[in-house]
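Before any comments, here is the structure.
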Amino acid sequence: MFIHQSQDYNCFMPPLPFTTVLIANRGEIAVRVARACRELGLRSVAVYSQADAGALHTRVADEALEIGPSEAAQSYLNIERILDAARRSGAGAVHPGYGFLAENAEFAEAVQAAGLVWVGPPPAAMRAMGDKAGARALMIEAGVPVLPGHQGADSPAALKKAAAKIGFPLLVKAAAGGGGMGQRVVHKAGELDEAIASARQEAKRTFGDGRLILEKYLPRARHVEVQVLGDTHGKFLHLFERECSLQRRRQKLVEESPSPVLDEGLRAEMGTAAVAAAAAVGYANAGTVEFLLDPQTRQFHFLEMNTRIQVEHPVTEMVTGLDLVQWQLRIAAGERLPFEQSDLRQEGHAIECRIYAEDPAAGFLPGGGRALRLQWPQGSGVRIDSGIAEGDAVASSYDPLLAKLIAHAPDRGAALQRMAVALSQTVLLGLTHNIDFLQDLLAHPQVAAGELDTGFVEREFADWQPPELPKAALLAAALGELRDVPANVEATDPYSPWASVSGFRMGGA
Amino acid sequence: MFIHQSQDYNCFMPPLPFTTVLIANRGEIAVRVARACRELGLRSVAVYSQADAGALHTRVADEALEIGPSEAAQSYLNIERILDAARRSGAGAVHPGYGFLAENAEFAEAVQAAGLVWVGPPPAAMRAMGDKAGARALMIEAGVPVLPGHQGADSPAALKKAAAKIGFPLLVKAAAGGGGMGQRVVHKAGELDEAIASARQEAKRTFGDGRLILEKYLPRARHVEVQVLGDTHGKFLHLFERECSLQRRRQKLVEESPSPVLDEGLRAEMGTAAVAAAAAVGYANAGTVEFLLDPQTRQFHFLEMNTRIQVEHPVTEMVTGLDLVQWQLRIAAGERLPFEQSDLRQEGHAIECRIYAEDPAAGFLPGGGRALRLQWPQGSGVRIDSGIAEGDAVASSYDPLLAKLIAHAPDRGAALQRMAVALSQTVLLGLTHNIDFLQDLLAHPQVAAGELDTGFVEREFADWQPPELPKAALLAAALGELRDVPANVEATDPYSPWASVSGFRMGGA
Amino acid sequence: MKFAYQYRGQLYEVELIPTEGGYVASVDGRRLGQVGPTSLDAPTAREGRQVWIHAAGRTFALQRAVGSRSGASAASGEQTLRAPMPGQVRSVFVRAGQQVAAGQVLLTLEAMKMEIRIQAPGDGKVARLAVAQGDSVEREQILVELESETS
Amino acid sequence: MKFAYQYRGQLYEVELIPTEGGYVASVDGRRLGQVGPTSLDAPTAREGRQVWIHAAGRTFALQRAVGSRSGASAASGEQTLRAPMPGQVRSVFVRAGQQVAAGQVLLTLEAMKMEIRIQAPGDGKVARLAVAQGDSVEREQILVELESETS
């Protein structure tokens, strides 16, 4: 953390109780964890399914082991194969990343039972937060505000009675769920029966647990979450909020910190509530308490706690100066957090854009391909967290997240400007992606004004279409067909247009 | 600046008196200025010599104009051609970058006479600092510590008499000079005559001005400089120091902020001296006051002032959160600096490595080539300021600086670690560069301990040789010869080794 | 030399007539001016019939419409719709023999927390429906075969 | 298949013997083990005889020693030393006819604030000295021609 420069943490860092970390994940987060390991002097071991042979995360780790076929159930979700890879590689700790087994308490317990350090919260805390019904009850007990709702008896009759009390619109949610699966919005009483039936079916199929809860539905709410960090000695801190209201298909697209809507008072209140939520379940390591914020009433409500590192953690890293993944490893090693809440500050403004291999003009349909050409933007306040490099094939077997682009600047306006320039200078050719969509999204006046809600993208960008074709692009395509590899150069890129320049120039960018 | 987030500068930024900026430079600094322009919503115009046709700086600007053949005297140093390009492109301001005409007061005056805004200090201030003899006298007057020395009468007899008073070793320096030209170290009285003659000859040839000054020579001094920023309304601030003691051929190689040797007292003293130096010449815009620091006595001495942006400005940007090039443009537009000295802080530690197209095993001989393959490192706290992209040819006609790699972390140890990882993950194939050398340099225990001086590199790394060849590299070369382009892919990189992976793996990195 | 490209359903024709030091360029018969052989600073990439261009800060995916150097294999699959990723068939909206219009959603898949709509690439008739609701499918598994109107 | 490379004056011979699913690799006759066709995660690039490899965080510039596909032109210039960049001849340390040893500094150039040492690439004799102290030289201008010992 910046303000502690004089303490020089790294110099006084005690030797870690492990020297090798197995990364039970893939893509950009596996690359991210490998980098943190290397920066801490730890050896990293990647695992990969056959579909990911040669993927970037296997190249940046010190060792890579195959763990099975492309189906996640037989590789990235297969506890036994991952533990076997940990044994074979001599790993002393396991970092789960996000997704896959990251919130699976059985996996955490199996890791610990194998004598390995689990880089994450205690399994009991994961279990407590994983059960949405139980978590709601715990939060009410801990004084953390929750949405009006109902958990417990979930017969159709009981739910109907509770629904009448809560009022409409409301949300039917899987008690064991998360990530929007087994979830239905119910606008009026007449839709309730069908919603209960279909949500229960989906919950059973997805989580093997058909239990349901009810929550009041806030149609234009903002998604504001708080990053927490706890060490294994009982100290909890919050690292301020992230606003994640720009979503499509209930998945985040753009995140930022600070939230444009919080003031100091509300920020402190939400931070305190998040720490209380973490303390209530005996949390440790990095976690995120998600809240829904009603912009009218300015009231916030506990949504769920993600008991792992999140995709959008870089925006918090940029504004706090703390390396969250390094701290995950150091906390797992038993280190104490050497700073206090009052030492932490949000400095400047950070925005993250998720670059997905998907088609925003066709319902965000994910797709694969090959990154035939890839040039990242550069310069001050620009950060890239990528799971691919130029030349890499992109499998469509997994999550379509390719990379994250993060811009940091003194204020929100400058960060948006920086992000706009960075997106426009990102060259990614060979597959369908959402970079043009992100540019149009960030240029929307409501986004510039910070007036966001979780329905905004689907409401305003349902009919988004790719840009009109400029004549210069057509000419560049045709000229490219005529271009030859320079005779004296064997290995140069035959598609580079930079060998010479004449008078005609492309219109402004 | 981070701590001013609530003021949201950009939103309240007054409209600038110009909308188009001509960038009178090339390479990474021209790319850097173009990015700052775009982030401020300004149009940028690049100029290029025939040797730079199609170079990256011409691609990232909104427009690019050819200004002559590759010889700098007929292009980048040709005032008339640059002003003509400014006229043709409708530019309202000129940013000179560093090098070339950046410290040429006649150029600044010509720009202003043409009715254009000069993005730099007042020509009078440039002239005052450009004359080393006059600057020494001015600094003495302003109470800024200078090295024991002599300026004024410079007949051999006068210099001999002054030398006896100063004592040996001493430095004979061109009064009009800079950058180490026309400069001789004299270790004893017997060497003085010859040094005076040869320095005078070189000074005449290089600067058209044979006047000489003398200064005491400090053999193991540290080069510590202070960044200053002044607006056109008389406000001066300093942005703390940069330590630039790691040099080869009197050119900087690695820079950092904070300096590992300053304490708060010395930092404040040097900052105050730098502001006094700037105020003494009626400075405005960004500038750097260079000092020599004697690590034994902890006394610092004015060396010279660079009246322009410097190569190493990013380390100051990383620790202060201020975008110096944006501020250059805003100051030139007449904006007031909206913060006070007490608002500024150094947060964390930043290190910059200059990536040169040169051979550290052969006297740092510069060379050209083509960046056949180029992959920059990514992630938290890693910044790239590059003048080239993959596929680009590197002309050997100009300065061999290809790019700058900057690492920022909470403390110096973590920044060095981050830089080590970033350097090792930088792939640049197709030309000779100094990345391996930089890795070995930063791994030296004295560098880790912060015990630097300007002679360190030449003393400790004179016999540096490239690393031993690992067998894995040989095998990779041979396998590469056998590899074919996948049959169904037309445009993929034929040299990508990632199509599949089998059991054999390369040893740790 | 003439080149034809498709972009968002529209056909564009580019003509380049060699001149000294470059080409005279026309698009759809309208003369635009002189261009050098490598004068457009637009990164491009090609794979099969597909041509990608990064221009004016945006990405454009064109398809070669004539003069394709390796378009054969891409064309052969046009009427066979395959699963873009492994998943489960959530809903099927058509039956074999049914007439469908370009853009019509034929079925949806559920995979990685997403609903994937499989749409008809052109007007035609469902020749074969290879999956049913609830089926698990592998990546590239055939879902539907269409008979195009014009074939 | 055998490949020979030079690195820092030393010759290395790599042999790859095809086996099922890969190759058995040897270096200088010592068997190292089995490798797959693309099993080494090392970015590489080639230009003429030059092969660059990024391995273990370092860059290695090798030269193909046999089996070179386009080494002819590179070899023809070995005995002609040219200016690597425009500059001025600062000092000349040899004269025509003089015997020189590999690595010996023949002359120095001054360019872009740097002193550039021009060294003999091998033992030989100065056949022609094309410049004198104080001369301005362009990039690629011939400075010295050497006659190699063995020719």
Side-chain angles (χ1 to χ4, degrees), chain A residues 1-5 7-11 32 35 38-39 41 43 53-54 58-60 62-64 314 317 321 323 346-349 370 372 375-376 378-380 382-386 389-392 410-414 417-418 421 425 489 491-493 495-496 498-501 505 508-509, chain B residues 1-5 7-11 32 35 38-39 41 43 53-54 58 60 62-64 314 317 321-323 346-349 370 372 375-376 378-380 382-386 389-392 410-414 417-418 421 425 489 491-493 495-496 498-501 505 508-509:
Chain A
M1 197 188 34
F2 295 142
I3 54 177
H4 279 262
Q5 65 191 56
Q7 296 191 9
D8 220 1
Y9 295 137
N10 282 11
C11 295
R32 169 77 187 89
R35 191 167 51 241
R38 187 156 296 183
E39 288 180 348
R43 211 172 136 260
T58 70
R59 281 135 59 192
V60 297
D62 292 301
E63 191 184 345
E317 294 186 325
D323 191 306
Q346 280 169 305
E347 297 183 328
H349 196 99
R370 189 180 286 273
L372 300 174
Q375 276 174 26
W376 293 115
Q378 47 152 297
S380 180
V382 173
R383 168 175 170 183
I384 318 294
D385 276 30
S386 175
E390 187 173 270
D392 286 0
D411 55 55
R412 188 170 190 267
Q417 269 290 84
R418 180 156 282 170
V421 174
Q425 294 185 343
V489 174
T492 191
D493 179 347
Y495 303 99
S496 166
W498 318 131
S500 79
V501 167
R505 278 190 58 88
Chain B
M1 197 190 31
F2 295 143
I3 54 177
H4 279 260
Q5 66 189 57
Q7 296 190 9
D8 221 359
Y9 296 135
N10 282 9
C11 293
R32 170 76 187 87
R35 191 167 49 242
R38 187 156 294 185
E39 289 181 347
R43 213 173 134 259
T58 71
V60 297
D62 292 300
E63 192 184 343
E317 295 187 324
L322 285 167
D323 190 306
Q346 280 169 306
E347 298 182 328
H349 196 100
R370 189 179 286 272
L372 301 174
Q375 276 175 25
W376 292 116
Q378 48 152 297
S380 180
V382 173
R383 167 175 171 184
I384 318 295
D385 276 29
S386 176
E390 188 172 271
D392 286 359
D411 57 56
R412 188 170 190 267
Q417 269 288 85
R418 180 156 282 171
V421 175
Q425 294 185 342
V489 174
T492 191
D493 179 349
Y495 304 99
S496 167
W498 318 130
S500 78
V501 168
R505 277 190 58 87

B/Arg35: partners by side chain to side chain donor-acceptor pair (under 3.5 Å), with sequence neighbours left out: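 Per chain and number, B/Arg35 pairs via side chain to side chain donor-acceptor pair (under 3.5 Å) with A/Gln378.
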
Search all heavy atoms of [X] against all heavy atoms of [Y] and return the closest pair with its distance.
{"X": "B/Gln375", "Y": "A/Glu390", "answer": "NE2-O, 4.3 Å"}
{"X": "A/Arg38", "Y": "B/Gln425", "answer": "NH1-NE2, 3.8 Å"}
{"X": "A/Pro410", "Y": "B/Gly321", "answer": "CG-O, 3.7 Å"}

CD on A/Glu39 to CZ on B/Arg418, rounded to 0.5 Å: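 One finds 4.0 Å between CZ of B/Arg418 and CD of A/Glu39.
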
Part of A/Asp323 lying under 4.5 Å from any heavy atom of chain B: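 Looking at A/Asp323, just its side chain touches chain B.
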
